[in-house]
Amino acid sequence: QVQLEESGGGSVQAGGSLRLSCTASGLYAPTYCWGWFRQAPGKEREGVASIYDGGSSTYYADSVKGRFTISQDNDKNILYLQMDSLRPEDTAMYYCAKDKGRYIGCGNYIGSAGALNFGTWGQGTQVTVSS
């Protein structure tokens, strides 16, 4: 059974940067799409970035496009989310996630509806951005 563990969250001022990391361990079925979603108190989950396994394609929510970058190190089974130019509205719990083992297109993990397509996720890491 796969286990996903996020790290790298914290508190920063607006305009700052953070890099989230996610380590995958355990046994799991072949994965097509990995991603990150976030959830703020009282708000729906939002898929913010996804990547086709191997890194050939990436997808972003409009709210983070140009500021966030998703990448992976396949050799180390680590997924990253580089977050630059952070804004107070980026404050949320961020979760690393993977698909359910079947391909539906990695772009389908973006947005509120997209976040519901993920099959497995970690415990999350808190990101707080102050103005």
Side-chain angles (χ1 to χ4, degrees):
Q1 185 175 353
V2 64
Q3 293 182 338
L4 302 175
E5 183 173 0
E6 305 91 341
S7 61
S11 297
V12 296
Q13 290 191 324
S17 298
L18 285 172
R19 188 176 80 157
L20 306 184
S21 299
C22 171
T23 302
S25 61
L27 298 176
Y28 50 95
T31 301
Y32 300 100
C33 303
W34 301 85
W36 293 88
F37 68 86
R38 65 187 181 186
Q39 187 165 26
K43 294 189 176 181
E44 293 181 320
R45 292 180 180 181
E46 177 189 21
V48 296
S50 63
I51 186 168
Y52 187 80
D53 190 59
S56 61
S57 299
T58 57
Y59 303 85
Y60 298 94
D62 288 343
S63 57
V64 307
K65 198 171 294 182
R67 301 187 298 121
F68 289 12
T69 303
I70 187 172
S71 62
Q72 65 181 152
D73 182 333
N74 281 329
D75 291 338
K76 298 180 180 179
N77 290 336
I78 301 176
L79 183 71
Y80 299 103
L81 185 67
Q82 177 68 39
M83 305 186 296
D84 299 317
S85 301
L86 283 162
R87 305 168 180 170
E89 54 264 39
D90 294 319
T91 296
M93 187 73 81
Y94 283 72
Y95 299 85
C96 163
K98 66 182 291 300
D99 61 22
K100 297 177 181 176
R102 58 187 179 90
Y103 184 67
I104 63 169
C106 297
N108 287 311
Y109 294 91
I110 300 301
S112 298
L116 301 177
N117 287 326
F118 286 113
T120 307
W121 50 91
Q123 294 297 310
T125 185
Q126 178 68 37
V127 171
T128 302
V129 184
S130 58
S131 57

*Give a yes or no answer on whether the side chain of Gln13 reaches the backbone of Ser130 with a donor-acceptor pair at less than 3.5 Å.*
no

*Which residues pass the side chain to side chain donor-acceptor pair (under 3.5 Å) test with Ser11, sequence neighbours left out?*
none

_Shortest non-hydrogen contact from Cys106 toward Ser50_ = O-OG, 2.7 Å

_Looking at Tyr60 and Ile70, would you say the former's side chain and the latter's main chain have a donor-acceptor pair under 3.5 Å?_
yes

_Which heavy atom of Ala115 sits nearest to which heavy atom of Gly47, and what is that distance?_
CB-N, 3.6 Å

*asked:* Would the distance check show the side chain of Gln72 and the main-chain N or O of Gly55 forming a donor-acceptor pair, the cut-off being under 3.5 Å?
replied: yes

*Apply side chain to side chain contact (heavy atoms under 4.5 Å, CB included) to Arg67 and list each qualifying residue two or more places apart in sequence or on a separate chain.*
Val64, Ser85, Arg87, Asp90

*Between CG of Asn117 and CD1 of Ile104, what distance do you get to the nearest 0.5 Å?*
4.0 Å

*For residues Val2 and Thr31, determine if any side-chain heavy atom of one lies less than 4.5 Å from a side-chain heavy atom of the other.*
no

*Taking all heavy atoms of Leu79 and all of Cys96, pick out the closest pair and write down the distance.*
CD2-SG, 3.9 Å

_Residue among Glu6, Glu46, Glu44 satisfying salt bridge (charged side-chain N to carboxylate O under 4.0 Å, His left out) with Arg38_ = Glu46

*Which of parallel (below 30°), tilted (30 to 60°) and perpendicular (above 60°) describes Phe37 and Trp121?*
perpendicular

*So, do Met83 and Tyr94 sit near enough that their side-chain heavy atoms are less than 4.5 Å apart?*
yes

_Co-members of Tyr59 in a cluster of I, L, V, M, F, W and Y side chains, linked at under 4.5 Å_ = Ile110

*Check: Cys33 main-chain N/O paired with Asp99 side-chain donor or acceptor under 3.5 Å*: yes

*Enter the distance from Leu4:CG to Trp34:CH2 here, rounded to the nearest 0.5 Å.*
6.0 Å

_Quick check: closest heavy atoms across Gln126 and Met93, and the distance to 0.1 Å?_
N-SD, 3.5 Å

*To the nearest 0.5 Å, tell me how far Gln1 CD sits from Ser25 OG.*
10.0 Å

*Would Leu18 end up clustered with Trp36 when hydrophobic side chains under 4.5 Å apart are linked, directly or stepwise?*
yes

*Other than Tyr52, which residues form its hydrophobic cluster under the rule that side-chain heavy atoms must be closer than 4.5 Å?*
Tyr32, Tyr103

*asked:* To the closest 0.5 Å, what do you measure between CG (Asn108) and CG (Leu116)?
replied: 12.0 Å

*Same hydrophobic cluster for Val127 and Leu81, using side-chain heavy-atom links shorter than 4.5 Å among ILVMFWY?*
yes

*Mark yes when over 12 heavy atoms from residues, nucleotides or ligands other than Glu89 sit less than 6.0 Å from its CD; otherwise mark no.*
yes

_Going by the rule side chain to side chain contact (heavy atoms under 4.5 Å, CB included), which residues pair with Lys100 if we only count those two or more places apart in sequence or in a different chain?_
none

*Among the clusters formed by ILVMFWY side chains lying less than 4.5 Å apart, do Leu20 and Val12 turn up in the same one?*
yes

*Which residues satisfy the side chain to side chain donor-acceptor pair (under 3.5 Å) test with Asp84, sequence neighbours excluded?*
Ser17, Gln82

_Validation row: Val48, Tyr95 side chains within 4.5 angstrom (heavy atoms)_ = no

*Report yes or no: do Tyr109 and Phe68 belong to one cluster of Ile/Leu/Val/Met/Phe/Trp/Tyr joined by side chain heavy-atom distances under 4.5 Å?*
no

